[in-house]
Asks: 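Here you go, one structure.
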Amino acid sequence: MPQAPDQDTPIAELHRLASASGLRTWRLGGRELLPVVQGGMGVGVSAGGLAGAVASLGGLGTVSAVDLRRLHPDLWASTADLEKEPDARERIDAANLTALDREIRRAKAIAQGRGAVAVNVMKALSAYEQYVRQALESGADAVVVGAGLPLDLPDIARDHPNTALIPILSDARGVQLVVRKWEKKGRLPDAIVIEHPRLAGGHLGAAKVADLQDPRFDFENVIPQVQAFFQTAGIEREIPLIAAGGISCREDILRLQALGASAVQLGTAFAVTLESDADAAFKRVLAEATPEDMVEFISVAGLPARAVRTPWLDKYLRIEPKLKAVAHVKKRCNMAFDCLAHCGLRDGQAEMGQFCIDQQLGHALDGDVGKGLYFRGAGRLPFGNQIRSVHDLMMRLLAPPASPSAPPP
């Protein structure tokens, strides 16, 4: 059971400051949480260290499930060089499931019963169902699924009725589809992340890059439309909404709660904290990026994505037309484990990206500025280019402007 915060702990202070700021807490699976959710960021950026730190302060921390073996020297040493072995995929998947279990337990140990720990799983992953089942079995408080419609999530989680299930969607039409499908399976989402494609980082919930500017994704449109659907469907106030994308200050949270959101989700702001599981160079790339450095493109997963224009990405975008012109089906995955169910590079699909996403994200995790792919949200960061702690970030987001406890900018 979650522990009630003692009156003199940092989590109690944050609750007092949030209340003084006019912010509302929200409930997930019987837990009262501060209205701040840390988004899932792979590969290895948001693992047990970051997720646990956020949960320990009363928020919802999130472990990103994809390729966590990179954070564990023993698992990486036993699988990094697998190529032509017939069981390479099975061994790599097994190592990643072991790593996911370790990171969930690490996060929960840090949290010590406070807040909540979620696992983010991309629907586009080939091992999607395996990751979800491992998250459930390892005791995650919630499973969050994006990069596709998780219509089968209630079936997979049927034996875990107390684990919160949270889809990531971007418009009211997607919400209505998922809720109606889940209703037929006897379950409703425990919360829904409404992610704005024009503002968020990483893979984005739109069909193509040109759609990112569509006003149907604006929070001012989506949230009231979703609430109207809930009211018509007779489920008003049963499903909390979490707004994601472009949030950087207390005023943003107040505005979105006034619209009807229960909480907000931030990714990049947490990626650059001291507790982030990524390399220090990774954090500097994200923190020092300017709006002019941001670029949108089609990922190898076939989805629009937003990242920092680093040397590798700049070169890739220059030669992308040539790569697409010679796209062809490959005999095997570059990394031997087919991380995506549908991969533009492996499957020779010219309309999709033509690079190995796991390899490039792995370089970013290691801080290789020349070779890495650095996903980032479009908004400004709460502390500019400073690398600060999770506690400082939570204070900045929740404390009243005149609070003497709030850290200086």
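Any value given below was found using the heavy atoms of this structure, including those in side chains, with hydrogens, waters and symmetry copies removed.
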Asks: Would R216 and D211 count as a salt bridge (Lys or Arg N to Asp or Glu O under 4.0 Å) if you check the C-alpha gap in whole Å, the side-chain angles of each, and the deciding distance to 0.1 Å?
Replies: CA-CA 10 Å; R216 80 175 189 273; D211 292 340; 5.2 Å; no
Asks: Would you confirm whether R31, through its side chain, and G115, through its main-chain N or O, come within 3.5 Å as a donor-acceptor pair?
Replies: yes
Asks: Run the salt-bridge test on K108 and D141 with the 4.0 Å N-O cut-off and return the result as yes or no.
Replies: yes
Asks: Between the side chains of R250 and D252, is the shortest nitrogen-to-carboxylate-oxygen separation below 4.0 Å, so that they form an ion pair?
Replies: no
Asks: If only atom types and distance count, is the side chain of E275 paired as donor or acceptor with the main-chain N or O of V390 below 3.5 Å?
Replies: yes
Asks: Examine distances only and state if a side-chain atom of S21 and a backbone atom of L398 form a donor-acceptor pair shorter than 3.5 Å.
Replies: yes
Asks: Could you tell me whether R133 and E129 make a salt bridge, using a distance below 4.0 angstrom between a side-chain N and a carboxylate O?
Replies: yes
Asks: Measure the spacing between CD1 of I168 and CG of L204 and express it to the nearest 0.5 Å.
Replies: 11.0 Å
Asks: Under 4.0 Å between a Lys/Arg side-chain N and an Asp/Glu carboxylate O for R70 and D358?
Replies: yes
Asks: Is any side-chain N of the basic residue among R198 and E296 closer than 4.0 Å to the acidic one's carboxylate O?
Replies: no
Asks: Evaluate D293 against T290 for side chain to side chain donor-acceptor pair (under 3.5 Å), listing each step before the verdict.
Replies: CA-CA 5 Å; D293 295 325; T290 67; 3.0 Å; yes
Asks: Once you round to the nearest 0.5 Å, how far does CG of L153 lie from CG of L136?
Replies: 7.5 Å
Asks: Answer yes or no: is there an ion pair linking D101 with R105, defined by an N-O contact shorter than 4.0 Å?
Replies: yes
Asks: Mind checking whether F297 and Y316 have parallel, tilted or perpendicular rings, split at 30° and 60°?
Replies: perpendicular
Asks: Tell me whether R16 is salt-bridged to E13, with the criterion being a basic N under 4.0 Å from an acidic carboxylate O.
Replies: no
Asks: Atom NZ of residue position K181 - does it have more than 12 heavy atoms of other residues, nucleotides or ligands inside 6.0 Å?
Replies: no
Asks: For the pair S46 (side chain) and T62 (backbone), establish whether a donor and an acceptor sit closer than 3.5 Å, ignoring hydrogens and angles.
Replies: yes
Asks: Hey, does the side chain of W26 reach the backbone of L241 with a donor-acceptor pair shorter than 3.5 angstrom?
Replies: no
Asks: Would a distance-only check, ignoring hydrogens and angles, find a side-chain to backbone donor-acceptor pair under 3.5 Å from N96 to R69?
Replies: yes
Asks: Say you draw a straight line from CG of L254 to CG of L259; how long is it, rounded to the nearest 0.5 Å?
Replies: 11.5 Å
